[in-house]
2 protein chains.
Amino acid sequence: MGTVTGPPTARYGYQRDGAAIYRESFATIRHESRLAHLPADAEKVAVRMIHACGQPDLAADLVVHPRLVSEARAALRTGAPILTDAHMVASGVTRARLPHGNEVVCLLRDERVPELAREWGTTRSAAAVSLWADRLDGAVVAVGNAPTALFHLLELLADGAARPAAIVGVPVGFVGAAESKEALAAFAAEHGIDVPFLTVRGRRGGSALAASALNALAREQE
Amino acid sequence: MGTVTGPPTARYGYQRDGAAIYRESFATIRHESRLAHLPADAEKVAVRMIHACGQPDLAADLVVHPRLVSEARAALRTGAPILTDAHMVASGVTRARLPHGNEVVCLLRDERVPELAREWGTTRSAAAVSLWADRLDGAVVAVGNAPTALFHLLELLADGAARPAAIVGVPVGFVGAAESKEALAAFAAEHGIDVPFLTVRGRRGGSALAASALNALAREQE
């Protein structure tokens, strides 16, 4: 690449200080968002998720289990891996925020996945979740893309799979997303298995929301 | 990892066929979204962006230059690189959809970036854009995270930098995002340089929207 000799002529008046951008962003979010229905220790998680999507009204759709933040944070502090359904989520996790150099695992491109998906008549995202089996115990799980991955995870848990420490379940979209997240929110009541979770009711979700939640859970400091 | 012996017990009734999920999703989006104000060849781009965020009303904020789709697609077909401000965007580009094994470039972790950002008093995201200089000519640019990166790009172009074939400018957030996208939409009128662009007015944006736009531009087939 050629030599860069200097910055371009400043033609627009905009905030160029990264720390100030964060500070002003979070202040605006706190001014505009109603977060009182959330557990007190989930406030910063909500703020960071709203930051990731630009929508203060996301707060109204957020459901956070009372022990989600404490359990996820404790798990990460002791080295739990993060398991996720999408490479974009893995890519969005700020490694410097992880308290224990935690592994971030996405098995969507594992060579066994296409055959399992075909054999089982399901998506590759769902089949890849079965490959988490021996890392699931005490892990922090984040589903940020595929409703089928979240449904598949809940079915594994109902069958007696090892329990993760926490589930960030925020798949996005028009087919199964809202339903899979309702199933997550109802899972303890329906199956007697109480895994701390975070979700966003409705169609909204996605890898940016999943990654921002993980980044907020990784450490308390904003 | 241990052996996976079979799928979990099917306890939820959900669509497990990946192709059917796409088909039903796109049909729902087309049923619920008002896309008539967009160039005809941008319809599939809008559908895929709505798919990525779960919000049909995104359409109302979409602004697409009449030559955006044709120019971006032609550039990619002849091997133009994709330049982006965020690793999440790069990670979200489906390589199998790229027509020419196109390079996907994010220079945010280039070793020169921290020093340039300090020296210039700007963000690392913005400084990294200056390192695109000798690949900018005819490239497809996607800003999916930082408003400062989009402002910086426009300042470079106004200073006479080589012109990209197309700009997907969809930074997200509360400080500068809306303003940077208004500056993109007004750039031809204000600076006499007409680069085809796509943007989302307001605070919404982000890496998932940028990646979905790129995936739609990469080839016409859904």
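Proteins get letters first, then strands, A, B, ... in listed order; numbering begins at 1 in each.
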Output the option from [options] having the highest count of non-hydrogen pairs under 4.5 Å with chain B.
| options | answer |
| --- | --- |
| A/Ser125, A/Gly176, A/Gly18, A/Cys53 | A/Cys53 |
| A/Ala158, A/Ala208, A/Ala146, A/Ala117 | A/Ala158 |
| A/Val89, A/Leu116, A/Val172, A/Leu157 | A/Val172 |

Please examine the side chains of B/Ser130 and A/Pro8, heavy atoms only from C-beta on, and report whether any two atoms are closer than 4.5 Å.
yes
4.5 Å side-chain heavy-atom contact, B/Tyr14 and A/Leu150
no
[atom1]/[X]: more than 12 non-hydrogen atoms of other groups inside 6.0 Å:
| X | atom1 | answer |
| --- | --- | --- |
| A/Tyr22 | OH | no |
| A/Arg124 | CZ | no |
| A/Arg109 | CZ | no |

Counting only heavy atoms closer than 4.5 Å, note whether [X] contacts chain B via side chain, backbone, both or neither.
| X | answer |
| --- | --- |
| A/Ala126 | neither |
| A/Ala52 | backbone |
| A/Ala133 | neither |
| A/Glu119 | neither |
| A/Ile50 | both |
| A/Thr148 | both |

Say you draw a straight line from OH of B/Tyr12 to CD of A/Glu190; how long is it, rounded to the nearest 0.5 Å?
5.5 Å
How long is the span from the CD atom in B/Gln15 to the CZ atom in A/Phe151, to the nearest 0.5 Å?
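Taking CD in B/Gln15 and CZ in A/Phe151, the distance rounds to 11.5 Å.
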Which of B/Gly121, B/Gly206, B/Gly173 touches chain A most, by non-hydrogen pairs under 4.5 Å:
B/Gly121
Top of B/Met88, B/Arg203, B/His152 for chain A proximity - count of heavy-atom pairs under 4.5 angstrom:
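Most pairs with chain A among the choices: B/Met88.
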I would like to know whether A/Trp120 and B/Val4 meet side-chain contact (heavy atoms from CB on, under 4.5 Å); could you show each step before the answer?
CA-CA 12 Å; A/Trp120 298 348; B/Val4 174; 3.3 Å; yes
Less than 4.5 Å to any heavy atom of chain A: does that hold for the side chain of B/Thr9, its backbone, both, or neither?
both
Taking only residues at least two apart or on different chains, which pairs with a member in residues 6-26 of chain B satisfy salt bridge (charged side-chain N to carboxylate O under 4.0 Å, His left out)?
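Every pair satisfying salt bridge (charged side-chain N to carboxylate O under 4.0 Å, His left out) with a residue in residues 6-26 of chain B: A/Glu155-B/Arg16, A/Asp159-B/Arg11.
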With B/Ser180 via side chain to side chain donor-acceptor pair (under 3.5 Å) - residues at least two apart:
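With neighbours one apart ignored, the set is empty.
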